[in-house]
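On a predicted model such as this, the values are computed, not experimentally measured, just so you know. Keep in mind that the numbers below use all heavy atoms, side chains included, and drop hydrogens, waters and symmetry copies. Sequence lines set the chain letters: A, B, ... in the order given, protein chains first and strands last, and positions in each chain run from 1.
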Number of protein chains: 2
Amino acid sequence: MVTSVGQDGQSDGSQRAVTLLDLARAAGVSRTTASNAFNRPDQLSPKLRARVLEIADKMGYAGPNPMARMLRTGRAGSIGVVFGKSLTYGFTDPTSIAFLKGVASVCEKEGASLLILPETGEAQVGNAIQGAAVDGFIVYCMHYLTAVNDAVAARQLPSVAVSAPETMPMSTIDIDDRSAAREAAAHLIGLGHRRFGVLALDVLGDGYDGPLRIDQMAKLECTPSVDRYRGYRDALAAAGLQDTDLQAFEVSGNSEDQARKAAFKLLSQRPRPTAILAMSDRLAVGALLAATDLGLDVPGDLSVVGFDDIPLAKAVTPALTTVHQPLEEKGAAAARLVFHPPKGRPRHLILPTELVVRDSTGLAPDAP
Amino acid sequence: MVTSVGQDGQSDGSQRAVTLLDLARAAGVSRTTASNAFNRPDQLSPKLRARVLEIADKMGYAGPNPMARMLRTGRAGSIGVVFGKSLTYGFTDPTSIAFLKGVASVCEKEGASLLILPETGEAQVGNAIQGAAVDGFIVYCMHYLTAVNDAVAARQLPSVAVSAPETMPMSTIDIDDRSAAREAAAHLIGLGHRRFGVLALDVLGDGYDGPLRIDQMAKLECTPSVDRYRGYRDALAAAGLQDTDLQAFEVSGNSEDQARKAAFKLLSQRPRPTAILAMSDRLAVGALLAATDLGLDVPGDLSVVGFDDIPLAKAVTPALTTVHQPLEEKGAAAARLVFHPPKGRPRHLILPTELVVRDSTGLAPDAP
DNA sequence: ACTTTCTTCTTGATCGATCCAGAAGAGTGG
DNA sequence: CCACTCTTCTGGATCGATCAAGAAGAAAGT
């Protein structure tokens, strides 16, 4: 006999949910047959299947309980993405949005869902990671890598870390930040620039704004910020210039407003830098704003090079010269590595970058 | 005796994972005690707990299996977000990104994760919804509402639908599209405009570009596109103008490029509209581009009003006059409704909008 | 008629945890 | 010494499904 259930979904939620067993009993079949009605249509006669599904519908049984199914099958049908910074930041920064988009596109193809994990501060790092029902992880973060990566590694699932040291027991995916940055700086040097300002992403992710903390950098194996800075210096060294020709400020939170202030300071120094190397396009946009504040023409008085090539880069005026990196492809490649993990040793992908010259760079004003 | 496990996480993954029972045996305690070591520190002596955790670490036991835990506790620790359009679109459109950001901020506070579901086409709608291990749903989509919403409703979980008819057995959250649109149009009418072009979001989400399909609109109870169009007409009617003063094009995919083309057509007609009502800021930006193509000055020759007030709206030149809607708050409010569902009847929130006048609107060129 | 195969359906075991009720032992007070 | 509470720990039942193996009956081949 069919268990009577309230007509509408509104009724008091306290009643126990309908289970596969209830359905089986109501339909007069075994649990397995009921299960097969949903999962293996070929395992029972179409007529019976239709009847079972109809009764299921009548009973308000939506389908097999996902949690139970996961437990039994061992598959979650989703992959997790961990942001080092706050979850909200992931939806603010254009680079991580593009990355997510790449991840999402692959998830869609695979029919999997995308679980985005919160990070409730260093103390509880790993809490969410430990408890996530997923088939694999993508780690996208810039700071305190070890805590997060260790938690992910402990799960023993196919995992990929973005911009992580290759010493981790998981696949990694990255760009060659150092040589990309070198290329950006070399471009400016080629245009005759000799005095540079650097807008750096914050090295430690601790909200610090101010002169670059070179001493702290030594501690960090590998962050985009450090690598890009080294790349800038490489180019200067190759041209026989001194480190002192490089004035660098860290800007917290990759924010345009903060960058504007920092750039203002850089550009108020004498002799004034003739070019600004920004470690992200958002920072570069901040530099453009500061140039406007100071009445400087870009690229007449000042050249600006960005990094990332986010959509905004070509929308802004003047369009930014910047280092293009394949943000979406980075996400897609990471997702692919999670869904089809390499057998044996982990892979370490390096994606190509390319300097895109637009309108924000020109000959140095004081060039001979 | 402690089961020996390979030193590194690299070893062949075929060995069965360590379970709570294994850990309990290794530590010489019961499963419950081992479980409590992770979940209820107050239920066992600190000394024993430390020992258990240490052994767990040694065995490579990362913590209780999330799937099993979910099944037993009945809680997933995450909420699901369903996009009607493709998953990728969710990370492309600025309005949905802002919405997600709002959702994410609340998730972060609640310590929950955010599961983003794929939609693999109308045929399989509900597949992912049925199988998602979540504690509630947020439905964010514009089209074929019923299929998705029915699948969500069947799950009998706390759910919120954005821009859905209130007939659904779930909470909804929305803005008053119609009166917001009316206000936008009234603003232009007040400036002396009498001939309007409308750039409409596609009514059916089927990739159609072309003249507005008014006949189709009648079929749809409630989509932003339809409501906004009605709002525009309300304003015209109130001013004694005819519907024929309103030329409308649907633009598929809320894309700037498509909008540019559509706006070009609108502006090539004679007599030329003096104002464009765009149903989104992206469409409005397309209109600005088309104006540039045609050598029209905004707001001198043409006024443009957007909708949404995405970040781009004030970054673009001229800054867009637009209808501000609280996108992030919309996401946050939706998430709050999922985490703390109203007892009894579902709630139906209407969030406030506000016309923000910036630089893209001015007096009609032919005004008396 | 006998074996074989195919279809259709069922039973028992299992996935890996948490919850509930209660046992064992230590400490307290009368 | 007994009754009581408190802490610490345990075993059995349970969450809701899927899987592997096999039974019952129909169809087909020899």
Taking only the side-chain nitrogens and oxygens of [X], find out if one of them lies under 4.0 Å from OP1 or OP2 of [N].
X       : N      : value
A/Asn39 : D/dT18 : yes
B/Tyr61 : C/dA17 : yes
A/Thr19 : D/dA17 : yes
B/Arg40 : C/dC19 : yes

What integer distance in Å separates [X]:[atom1] from [N]:[atom2]?
X       : N      : atom1 : atom2 : answer
B/Leu20 : C/dT18 : CG    : P     : 6 Å
B/Asp22 : C/dG16 : CG    : C1'   : 10 Å
A/Arg72 : C/dC15 : CZ    : C1'   : 5 Å
A/Leu71 : C/dC15 : CG    : C1'   : 4 Å
A/Arg25 : C/dT10 : CZ    : C1'   : 14 Å
A/Asn65 : D/dG16 : CG    : C1'   : 6 Å
B/Leu21 : C/dT18 : CG    : C1'   : 14 Å

Under 3.5 Å donor-acceptor pairs involving side-chain atoms of residues 97-105 of chain B, not counting sequence neighbours:
{"residue": "B/Lys101", "atom": "NZ", "partner": "A/Thr92", "partner atom": "OG1", "Å": "3.2"}
{"residue": "B/Ser105", "atom": "OG", "partner": "B/Gly102", "partner atom": "O", "Å": "2.8"}

For [X], answer base if it contacts any base atom (sugar-phosphate contacts may also be present), sugar-phosphate if it contacts only those atoms, and nothing otherwise; contact means non-hydrogen atoms under 4.0 Å.
X       : result
A/Arg49 : nothing
B/Phe38 : nothing
B/Arg75 : nothing

Side-chain ([X]) to main-chain ([Y]) donor-acceptor, under 3.5 angstrom:
X        : Y        : answer
A/Asp135 : A/Gly77  : yes
A/Arg155 : A/Ala132 : yes
A/Ser78  : A/Ser113 : no
A/Arg69  : B/Gly131 : no
B/Gln130 : A/Pro64  : yes

Could you list the residues that satisfy salt bridge (Lys or Arg N to Asp or Glu O under 4.0 Å) with [X], not counting sequence neighbours?
X        : result
A/Glu110 : none
B/Arg31  : none
A/Arg336 : A/Glu329

Mind checking whether A/Tyr61 and A/Ile55 have side chains closer than 4.5 Å, heavy atoms only?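 No, side chains not in contact.
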Bend angle of the helix from C/dA1-D/dT30 to C/dG30-D/dC1, from helix axes over five pairs at each end, nearest 10°: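 End-to-end axis angle: 40°.
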Distances under 3.5 Å between nitrogen or oxygen atoms of protein and nucleotides 4-11 of chain D:
{"residue": "D/dC9", "atom": "OP2", "partner": "B/Ser45", "partner atom": "N", "Å": "2.9"}
{"residue": "D/dT10", "atom": "OP2", "partner": "B/Ser30", "partner atom": "N", "Å": "2.9"}
{"residue": "D/dT10", "atom": "OP2", "partner": "B/Ser30", "partner atom": "OG", "Å": "3.1"}
{"residue": "D/dT10", "atom": "OP2", "partner": "B/Thr33", "partner atom": "OG1", "Å": "2.7"}
{"residue": "D/dG11", "atom": "O6", "partner": "B/Thr32", "partner atom": "OG1", "Å": "2.7"}

Nearest-neighbour nucleotide for the B/Pro64 side chain, D/dG16, C/dT18, D/dT18 considered: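 Nearest nucleotide to the side chain: C/dT18.
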